[in-house]
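To keep things clear, I will list the structure first and then write my remarks on it.
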Protein chains: 2
Amino acid sequence: MNDLPQQILKGSLSAIILKLLSENEAMYGYEICQRVKEITAGQMRVTEGALYPALHKLEGEGILRTHTQQVEGRTRKYYPIVPDQHGQAVSRLAQMHAFLDQLQQVLNPQPNVRLT
Amino acid sequence: MNDLPQQILKGSLSAIILKLLSENEAMYGYEICQRVKEITAGQMRVTEGALYPALHKLEGEGILRTHTQQVEGRTRKYYPIVPDQHGQAVSRLAQMHAFLDQLQQVLNPQPNVRLT
DNA sequence: TTATATACCTAAGAATTGGAGGTATTCTCG
DNA sequence: CGAGAATACCTCCAATTCTTAGGTATATAA
């Protein structure tokens, strides 16, 4: 009954999204899923059932907007960061970093530096 | 409406608990809360409303057990790791580490090492 | 023509956490 | 002595977030 492998830490998904969108101008949903798989060599997967609600939430918060485009008969919906919301994205990522630092602090406590 | 600071990433709490209990023989609930506050200089807090259910779940899974003790008129309930379950604890922590590595991979991508 | 890949999405349920509340004892300060 | 803080346990409800499973549709490969 042990749940296994690549579950996402709840709460980290929006950070992942914002990070990728910060670096890439604009991506569409399916692309985000693939990219994460790529980066982590298939070990972490963002499911669409989690991704789309998260994207829509960020859109609802005014951080992302959308525009669709037809590519070879298929519709792609891009989710760029709203231009004047990049600061928001950065600060959210900073928060996540801060949290991860704290978590590291607990899980991998730095022995006090000892000058010898 | 931006939710702020020190919320815990869902899923990380049981790892925090197992880490502390791995290092400390046995701790009681209140102590765990205080310890986390200490380690993170007050920036991260484990709330009791989350802690106790998590402890009871780990107990239900057979990883922790309990024994109470009276100390200066107050009851302390210790939650040591069941002796032959230390392996479980270790492997769960390893899983968390693996996940955090993946997350770092996405949030702080290593530029490909370039030998010059 | 059937399956796979691409591409979007929703809905129901599980799981986890935060916040608020509740009980009880001891200690501290005025 | 009384009030409040600290110590110590706990539960319940609401909110959030994810997983699983499903649904639609087109293009390409077998």
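Here is the naming used below: chain letters follow the sequence lines, and residue numbers restart at 1 for every chain.
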### Evaluation steps, side-chain contact (heavy atoms from CB on, under 4.5 Å), between A:Lys10 and B:Leu9
CA-CA 6 Å; A:Lys10 305 196 183 190; B:Leu9 238 355; 5.8 Å; no
### Task
Could you please spell out the steps behind the side-chain contact (heavy atoms from CB on, under 4.5 Å) verdict for B:Leu55 and B:Thr66?
CA-CA 10 Å; B:Leu55 284 173; B:Thr66 63; over 6 Å; no
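- A:Glu23 places no side-chain N or O within donor-acceptor distance of the main-chain N or O of A:Leu20, the cut-off being under 3.5 Å.
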Show the atom names and distances, to 0.1 Å, of all donor-acceptor pairs under 3.5 Å that link a side chain in residues 33-42 of chain A to residues at least two apart or in another chain.
unit_1	atom_1	unit_2	atom_2	d
A:Thr40	OG1	A:Val36	O	2.9
A:Thr40	OG1	A:Met44	N	3.0
A:Thr40	OG1	A:Met44	O	3.4

### Task
Assess whether side-chain contact (heavy atoms from CB on, under 4.5 Å) is satisfied between A:Ser12 and B:Phe99, documenting all intermediate values.
CA-CA 11 Å; A:Ser12 62; B:Phe99 172 79; 4.1 Å; yes
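- Interface remark: the B:Lys10 side chain does form a donor-acceptor pair with the D:dT16 base, using a distance-only criterion of under 3.5 Å.
- As rounded to whole Å, 15 Å separates atom C1' of D:dT19 from atom CG of A:Leu9.
- By the 4.5 Å heavy-atom criterion applied to side chains, B:Leu58 and B:Arg92 are counted as neighbours.
- Here the closest non-hydrogen pair linking A:Met96 and A:Gly11 is CE-O, 3.6 Å.
- With sequence neighbours excluded, no residue forms a side chain to side chain donor-acceptor pair (under 3.5 Å) with B:Gln69.
- Overall bending of the helix from C:dT1-D:dA30 to C:dG30-D:dC1, expressed as the angle between end axes built from five pairs apiece, is 10° (10° steps).
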What are the atom names and distances for every N/O pair under 3.5 Å that joins the protein to nucleotides 9-13 of chain C?
unit_1	atom_1	unit_2	atom_2	d
C:dC9	OP1	A:His56	NE2	3.4
C:dC9	OP1	A:Lys77	NZ	2.7
C:dC9	OP1	A:Tyr79	OH	3.2
C:dC9	OP2	A:Tyr79	OH	3.0
C:dC9	N4	A:Glu48	OE1	3.3

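- Distance, B:Glu61 CD to C:dT16 C1': 13 Å, rounded to whole Å.
- Residue A:Met27 contributes atom CE, which lies 11 Å from atom P of C:dC8 at whole-angstrom precision.
- Here the P atom of nucleotide D:dA8 and the CZ atom of B:Arg35 are 13 Å apart, to the nearest Å.
- Using modelled atom types, no side-chain atom of A:Asn108 and backbone atom of A:Gln104 make a donor-acceptor pair closer than 3.5 Å.
- Position along DNA chain D of the nearest nucleotide to A:Thr47 versus A:Glu72 favours A:Thr47 as the more 5'-ward residue.
- Straight-line distance from the CD atom of A:Gln70 to the P atom of D:dA25: 15 Å, rounded to whole Å.
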Ignoring hydrogens and angles, write down the donor-acceptor pairs under 3.5 Å from the side chains of residues 77-86 of chain A, residues two or more places apart or on other chains.
unit_1	atom_1	unit_2	atom_2	d
A:Tyr78	OH	A:Arg76	NH1	3.4
A:Tyr79	OH	A:His56	NE2	3.2
A:His86	ND1	A:Pro83	O	3.0

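- For A:Leu51 and D:dA21, the CG to C1' distance is 17 Å, given to the nearest whole Å.
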### Query
Does the side-chain contact (heavy atoms from CB on, under 4.5 Å) test come out yes or no for B:Leu18 and B:Ile63, once each step is laid out?
CA-CA 9 Å; B:Leu18 290 177; B:Ile63 296 181; 4.0 Å; yes
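- In this structure, CD1 of B:Ile16 is placed 14 Å from P of C:dT16, rounded to the nearest angstrom.
- One can place NZ of B:Lys57 at 13 Å from P of C:dA14, the figure rounded to the nearest angstrom.
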Show each protein N/O and nucleotides 4-7 of chain D N/O combination with a separation under 3.5 Å, one pair to a line.
unit_1	atom_1	unit_2	atom_2	d
D:dT7	OP2	B:Tyr30	OH	2.8
D:dT7	O5'	B:Tyr30	OH	3.4
D:dT7	O2	B:Arg74	NE	3.2

